[in-house]
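By convention in this document, chain letters (A, B, ...) are assigned in the order of the sequence lines, proteins followed by strands, and residues within each chain are numbered from 1. The basis for the numbers below is simple: all heavy atoms, side chains too, and nothing from hydrogens, waters or symmetry mates.
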Amino acid sequence: MSFRILLDEIRSNLLQIVKRLQIPEIPFTLEPAKSGFGDVTCNIAFLASKHLKKSPYDIAKLISDEYQKNLGKLVSKVEPHQSGYLNFYANNAPLNRLIITAAKDDNYGAIDIGKKSKVIVEHTSVNPNKALHIGHVRNVVIGDTVARILAKANHYVVVLNYVDDSGLQVADIIVGFKHLGFSETPPGGQKFDHYCGDEVYVKTTEQYAQDKSLEETRNNILKELEDGSSEIAKFGKSITNRVLAEQLKTCWRLGAYYDCLNFESEIVRSHLWPEIFEKLKQMNLIKYETEGKNAGCWVILSKDEDKVLVRSNGTATYIAKDIPYAAWKLGLVDDPFYYKKYTVQKNHKVLWQTTLEKNNDPKQHFRSNMVVTVIDSRQARLQNIITDLISKFDSSQKSYLHLGYESVTLSADTANALGIDTKGKNTQMSGRKGLYINADSVLDMLEQKTMDETRKRNPSLSDEHLHDIANKVAVATLRYEMIKQDLDKIITFDYSKSLSLEGDTAPYIQYAYARAVRILEKAQTKPDFDASYELLDGEYETNLVKLIGRFDLNIQDAANNLSPKVIAKYCYSLAVTFNAFYEHVKVLDSENTNTINARLCLVHSFKSCLEGALDLLGIETPARM
RNA sequence: GGGCCGGUAGCUCAGCAUGGAUAGAGUGCUGGACUUCUAAUCCAGUGGUCAAGGGAUCGAAGCCCUUCUGGCCCGCCA
């Protein structure tokens with residue numbers, strides 16, 4: 001129930017008119033109009049002008065005259081524009097009623113694109129040897145938001161977090177603990193993931209330059225990690241579990257939740273790889289090189305450069321670990337895993353983890369023929385090779401989609417603040433070099449900043465209440481910064497610019513929400529939705545109603561294009577439109593109680609709609625701020 | 001050298017998929033609005049050869065081609 005009904009009505013009437021006027025069938029578009037050009041606009045006259053050899057305006061005039069004879073329920077006027085567009089003006093009273101009563105519904109905006117089909121979204125997947133930095137946050141937020149949007153579009157969404165607990169980076173910190181004497185207990189109660197990343201990892205990798213034998217040590221550790229029963233593997237497991245637990249705290253703090261943790265070490269030990277390796281050989285998708293630079297290796301035959309899968313010493317490369325995982329996600333191989341409960345998350349959802357040990361927990365089904373993997377676009381080449389290989393591996397309707405995004409860089413000023421001179425240029429972060437900004441520290445800074453601001457405005461609120469607000473605003477600010485731009489734009493993080501609370505930011509949007517709540521609180525009565533909706537006839541009121549009505553159109557766009565920014569833009573325009581309404585229309589001041597009630601209904605529906613839209617971004621809505 | 005992505009206002013970005021009206025926001029700068037439903041707000045002004053050139057089209061920021069420019073990727077690392 002929304003603006004869509006208006007579009008549907010117009011489309012159906014237009015189709016009849018087109019038939020009557022014997023205009024050839026043309027796939028015209030109908031869309032919400034730019035302001036100043038009515039409510040709905042149609043390009044049919046442009047398209048028809050080629051066939052009819054008449055000017056677009058003449059055709060628009062013809063159609064509009066015909067339409068004018070029977071306007072239907074929701075249209076009050078049709079006008080041909082000099083430019084050739086056909087513009088429709090809505091009949092506000094019935095449209096107001098339709099939209100405002102629909103928008104108060106909890107599930108307002110939901111659409112059925114997915115038909116309950118299962119889709120896997122994998123995101124986060126941070127190596128468990130360090131804390132999340134702001135680059136990882138972009139991944140988490142994109143993945144979490146896409147998952148929420150797909151769920152709203154009626155997909156059954158399963159969220160996976162892949163834990164690379166047997167890779168080089170884990171071996172690095174084991175070198176630190178076992179050979180460089182780093183304590184397993186962080187000093188001064190430091191968070192364990194921060195300690196491992198900021199201290200152990202950075203300082204260990206520094207040592208490689210001075211002591212070449214350490215690399216040999218690391219390579220031995222790497223081999224031992226693959227054998228689950230080794231002492232090193234057990235030690236590694238205990239360390240990575242501790243890091244993972246802390247990383248998850250950060251993710252939960254950001255409002256991201258998961259269904260299952262998949263461990264690379266278990267993929268390795270599950271023997272999925274030999275099975276797939278054999279199949280790839282049989283299908284001639286890979287080749288054993290006998291000469292050239294890759295002599296002795298198994299390589300993937302690819303359009304551009306061949307990629308080594310198995311080294312001449314017989315060990316598998318990184319990509320050879322990713323292929324079985326991709327195949328597993330798509331359900332192309334038998335599921336070798338059992339599942340056990342890792343924990344119950346704050347959102348009350350159980351978080352599962354894979355295990356190779358038999359247990360009594362019920363079997364889970366975290367695989368699907370539609371898989372979205374969120375990984376930054378630097379890995380596009382490898383992801384393409386995997387996608388390509390998988391499509392040849394199984395020709396049935398499988399969709400393995402790499403959702404790529406550009407990286408987060410540091411501004412010159414911010415890099416400077418970390419003690420690095422970049423000669424005025426932005427710079428890529430580097431975990432190895434310690435050149436990054438941890439997610440927790442940004443959230444802490446934002447929380448402090450918000451706390452001060454909120455206390456100033458609400459001196460009577462308790463500390464606990466202030467903390468709750470500050471927390472919600474801080475998380476929202478960071479999430480919004482990470483999502484409001486398109487995925488192919490680099491985000492430059494800057495201490496002064498990225499922490500702003502004004503303008504096109506989450507606090508601006510949350511503030512509009514708090515204003516709406518306040519009006520409803522101060523009202524003498526609750527809104528009665530059997531209201532005199534014709535009284536909402538000012539432009540500030542109708543603009544707001546119509547924008548609320550477009551929620552589902554935006555969800556459709558966002559879901560079809562896996563474009564989370566669409567929802568961010570929508571939330572922002574809702575807030576802008578509400579703020580204009582707020583400044584110009586006094587809800588509680590009218591003498592007419594019917595007007596007050598109708599406006600209260602509008603405010604209520606706005607609040608409800610914005611809450612639903614922000615929820616898709618994982619942003620919570622404090623009632624005061 | 002090859003591949004992928006970006007280039008729109010001083011700065012950060014929408015708009016491009018599906019060509020059509022007056023190219024929009026934020027920020028910055030200038031000025032204005034709080035005894036009022038919270039000024040994390042609002043209003044007004046300022047600011048554009050849509051990187052350049054060519055092509056197809058009645059019509060291009062958008063489509064095609066070329067060039068310039070910035071970023072990333074191209075290991076028997078992950």
Side-chain angles (χ1 to χ4, degrees), chain A residues 27 29 31 33-34 36-37 41 43 45-47 49-50 55-56 81-85 87 127 164 166-171 222 264 289 293-299 303-305 307-319 321-322 376-382 384 404 406-407 409 425-426 428 450 453-454 456-458 473 477 484-492 494 497-498 500-512 514-523 557 560-561 563 565 569 572-573 575-576 579-580 582-589 599 603 624-625:
Chain A
T29 60
E31 42 194 30
K34 286 205 252 183
F37 296 103
T41 194
N43 67 349
F46 293 110
L47 305 172
S49 76
K50 280 178 193 150
S55 78
H81 187 271
Q82 202 51 51
S83 61
Y85 274 114
N87 293 332
N127 284 323
D164 179 2
S166 60
L168 199 68
Q169 298 201 7
V170 168
L222 203 52
E264 180 175 273
E289 293 285 359
K293 60 172 183 161
N294 292 334
C297 300
W298 284 93
V299 299
K303 289 188 288 277
D304 7 286
E305 212 153 340
K307 185 79 200 159
V308 172
L309 254 189
V310 178
R311 303 182 185 100
S312 52
N313 70 1
T315 57
T317 61
Y318 155 78
I319 196 165
K321 293 177 183 172
D322 261 22
D376 83 69
S377 48
R378 284 174 294 196
Q379 297 205 41
R381 180 183 285 259
L382 286 169
N384 282 340
E406 276 294 342
S407 48
T409 65
K425 289 175 76 175
N426 297 344
Q428 291 276 333
T450 312
E453 189 68 32
T454 314
K456 239 184 277 171
R457 293 155 187 273
N458 301 279
V473 175
T477 304
K484 74 173 176 182
Q485 290 190 21
D486 219 334
L487 302 182
D488 60 11
K489 288 287 196 305
I490 295 168
I491 293 180
T492 302
D494 182 272
K497 288 178 190 155
S498 303
S500 165
L501 309 176
E502 285 163 20
D504 184 5
T505 65
Y508 172 92
I509 302 168
Q510 290 172 309
Y511 186 68
R515 281 177 148 182
V517 169
R518 192 59 146 191
I519 292 173
L520 294 166
E521 272 174 15
K522 290 222 166 164
D557 184 2
N560 284 337
N561 298 306
S563 180
K565 132 205 109 174
K569 300 278 170 217
Y572 179 67
S573 4
V576 167
N579 275 331
Y582 182 92
E583 298 279 346
H584 296 98
V585 180
K586 294 295 158 205
V587 174
L588 304 178
D589 271 3
R599 287 177 180 165
V603 171
R624 297 183 63 170
M625 58 187 283

Contacts of A:Arg378 meeting side chain to side chain donor-acceptor pair (under 3.5 Å) (sequence neighbours excluded), chain-then-number -> A:Asp376, A:Gln428
Check whether A:Arg624 reaches the backbone of A:Val517 with its side chain - one donor and one acceptor, N or O, closer than 3.5 Å.
no
Output the rounded distance in Å from CG (A:Asp488) to P (B:A17).
14 Å
Partner residues of A:Asn560 under the side chain to side chain donor-acceptor pair (under 3.5 Å) criterion, sequence neighbours left out
none
Classify the nucleic acid contact of A:Thr454 as base, sugar-phosphate or nothing, counting any heavy atom under 4.0 Å across all strands shown.
base
B:C73, B:A78, B:U41: which one has an atom nearest the side-chain heavy atoms of A:Tyr318?
B:A78
How far does the C1' atom of B:U8 sit from the matching atom of B:G48, given to the nearest Å?
8 Å
At under 4.0 Å between heavy atoms, what does A:Leu382 touch on the DNA or RNA strands: base, sugar-phosphate, or nothing?
base
Indicate, with a heavy-atom threshold strictly under 4.0 Å, whether A:Lys425 touches base, sugar-phosphate, or nothing.
sugar-phosphate
Answer whether the closest heavy-atom distance between the side chains of A:Tyr582 and A:Ile519 falls below 4.5 Å.
yes
Does A:Asp488 use its side chain to pair, donor to acceptor, with the backbone of A:Glu406 at less than 3.5 Å?
no
Could you measure between the two P atoms, the one in B:A44 and the one in B:U38, and give it in whole Å?
23 Å
Atom pairs, protein N/O to nucleotides 24-29 of chain B N/O, distance under 3.5 Å:
{"from": "B:G26", "atom 1": "O2'", "to": "A:Asp504", "atom 2": "N", "distance (Å)": "3.4"}

If I take atom NZ in residue A:Lys565 and atom P in nucleotide B:C13, what distance separates them, rounded to the nearest angstrom?
13 Å
Atom-to-atom span, CD of A:Glu406 to C1' of B:U12 - whole angstrom:
16 Å
Answer yes or no: side-chain N or O of A:Asn87 and base N or O of B:A21 forming a donor-acceptor pair under 3.5 Å.
yes
Under the rule of Watson-Crick or G-U wobble with both distances under 3.5 Å, where | means paired to another strand and [ ] a crossing pair, RNA chain B maps to (((((((..((((......[...))))((((((.......))))))....(((((..]....))))))))))))....
Just call it for A:Phe46: base, sugar-phosphate, or nothing, with non-hydrogen atoms closer than 4.0 Å on any strand.
base
To the nearest 0.5 Å, how far apart are NZ in A:Lys569 and CG in A:Asp504?
5.5 Å
Can you tell me if the side-chain N/O atoms of A:Arg381 get under 4.0 Å from OP1 or OP2 in B:A78?
no
May I ask you to decide if the ring planes of A:Tyr572 and A:Tyr508 are parallel, tilted or perpendicular, using 30° and 60° as cut-offs?
tilted
Looking at the side chain of A:Ile490, which of B:U18, B:A17, B:G71 is the nearest nucleotide?
B:G71
Looking only at atom types and distance, does a side-chain atom of A:Thr315 sit under 3.5 Å from a main-chain N or O of A:Arg311, one as donor and one as acceptor?
no
Would you mind classifying the nucleic acid contact of A:Ala295 as base, sugar-phosphate or nothing, using non-hydrogen atoms under 4.0 angstrom?
base
If you measure from the C1' atom in B:G54 to the same atom in B:U18, how many Å do you get, rounded?
25 Å
When the distance from CG of A:Leu487 to P of B:A17 is rounded to whole Å, what number comes out?
18 Å
Please round to the nearest 0.5 Å and tell me the distance separating atom CG of A:Leu382 and atom NZ of A:Lys307.
5.0 Å
Can you give me the closest heavy-atom contact between A:Ser55 and A:Ser49, atom names plus distance?
C-CB, 4.4 Å
Taking only the P atom of each, what is the distance from B:G2 to B:U66 in whole angstrom?
12 Å
Point-to-point distance, once rounded to the nearest 0.5 Å, from CG of A:Leu309 to OG1 of A:Thr317
5.5 Å
Inter-nucleotide P distance (B:C50, B:G24), Å rounded:
14 Å
Kindly say if A:Gln485 contacts the phosphate of B:C13, meaning a side-chain N or O under 4.0 Å from OP1 or OP2.
yes
The test is side-chain hydrogen bond (donor to acceptor under 3.5 Å, both in side chains); show your working for A:Asn127 and A:Gln169 and say whether it passes.
CA-CA 7 Å; A:Asn127 284 323; A:Gln169 298 201 7; 3.1 Å; yes
A:Leu168 near the nucleic acid: base, sugar-phosphate alone, or nothing, with a heavy-atom cut-off under 4.0 Å?
sugar-phosphate
Measure the spacing between OG1 of A:Thr477 and CD of A:Gln510 and express it to the nearest 0.5 Å.
6.5 Å
So what does A:Gln510 hit on the nucleic acid, given a heavy-atom distance under 4.0 Å: a base, only sugar-phosphate, or nothing?
nothing
Roughly how far apart are A:Asn43 CG and A:Glu31 CD, rounded to 0.5 Å?
7.0 Å
Contact nearer the 5' end of RNA chain B, comparing A:Tyr85 with A:Ala380:
A:Ala380
Using a 4.0 Å heavy-atom cut-off, does A:Asn43 contact any base of the nucleic acid, only the sugar-phosphate backbone, or nothing at all?
nothing
Classify the side chain of A:Thr317 and the base of B:C76 as holding, or not holding, a donor-acceptor pair under 3.5 Å.
no
Polar atom pairs (N or O), protein with nucleotides 35-38 of chain B, under 3.5 Å:
{"from": "B:C37", "atom 1": "N3", "to": "A:Val587", "atom 2": "N", "distance (Å)": "3.2"}
{"from": "B:C37", "atom 1": "N4", "to": "A:Tyr582", "atom 2": "O", "distance (Å)": "2.3"}
{"from": "B:C37", "atom 1": "N4", "to": "A:Val585", "atom 2": "O", "distance (Å)": "2.5"}
{"from": "B:C37", "atom 1": "N4", "to": "A:Lys586", "atom 2": "NZ", "distance (Å)": "3.4"}
{"from": "B:U38", "atom 1": "OP1", "to": "A:Arg518", "atom 2": "NE", "distance (Å)": "3.4"}
{"from": "B:U38", "atom 1": "O5'", "to": "A:Tyr582", "atom 2": "OH", "distance (Å)": "3.4"}
{"from": "B:U38", "atom 1": "O2'", "to": "A:Tyr511", "atom 2": "OH", "distance (Å)": "2.3"}
{"from": "B:U38", "atom 1": "N3", "to": "A:Met625", "atom 2": "O", "distance (Å)": "2.8"}
{"from": "B:U38", "atom 1": "O4", "to": "A:Met625", "atom 2": "N", "distance (Å)": "2.8"}
{"from": "B:U38", "atom 1": "O4", "to": "A:Met625", "atom 2": "O", "distance (Å)": "3.2"}

Can any side-chain N or O of A:Ser500 pair as donor or acceptor with the backbone N or O of A:Lys497 at less than 3.5 Å?
no
Expressed as a whole number of Å, how far does the P atom of B:A52 sit from that of B:C43?
32 Å
Side chain to side chain, A:Ile491 and A:Gln485, heavy atoms closer than 4.5 Å
yes
Kindly give the atom pairs (protein nitrogen or oxygen, nucleotide nitrogen or oxygen) under 3.5 Å for nucleotides 9-11 of chain B.
none

Taking atom P in both B:G15 and B:G53, what distance in whole Å separates the two?
25 Å
Compare the minimum distances between each of B:A21, B:C5, B:G7 and the side chain of A:His81, then state the nucleotide with the smallest one.
B:A21
Taking OP1 and OP2 of B:C13, is either one under 4.0 Å from a side-chain nitrogen or oxygen of A:Lys569?
no
Would you measure the distance from the C1' atom in B:C29 across to the matching atom in B:G47 and give it in whole Å?
9 Å
May I ask you to say what A:Ser377 touches in the nucleic acid, namely base, sugar-phosphate or nothing, with a heavy-atom cut-off under 4.0 Å?
nothing
Are the side chains of A:Asp164 and A:Ser166 in contact, using a 4.5 Å heavy-atom criterion?
yes
Note: for A:Ser166 and A:Arg378 on RNA chain B, the residue whose nearest nucleotide lies more 5' is A:Arg378
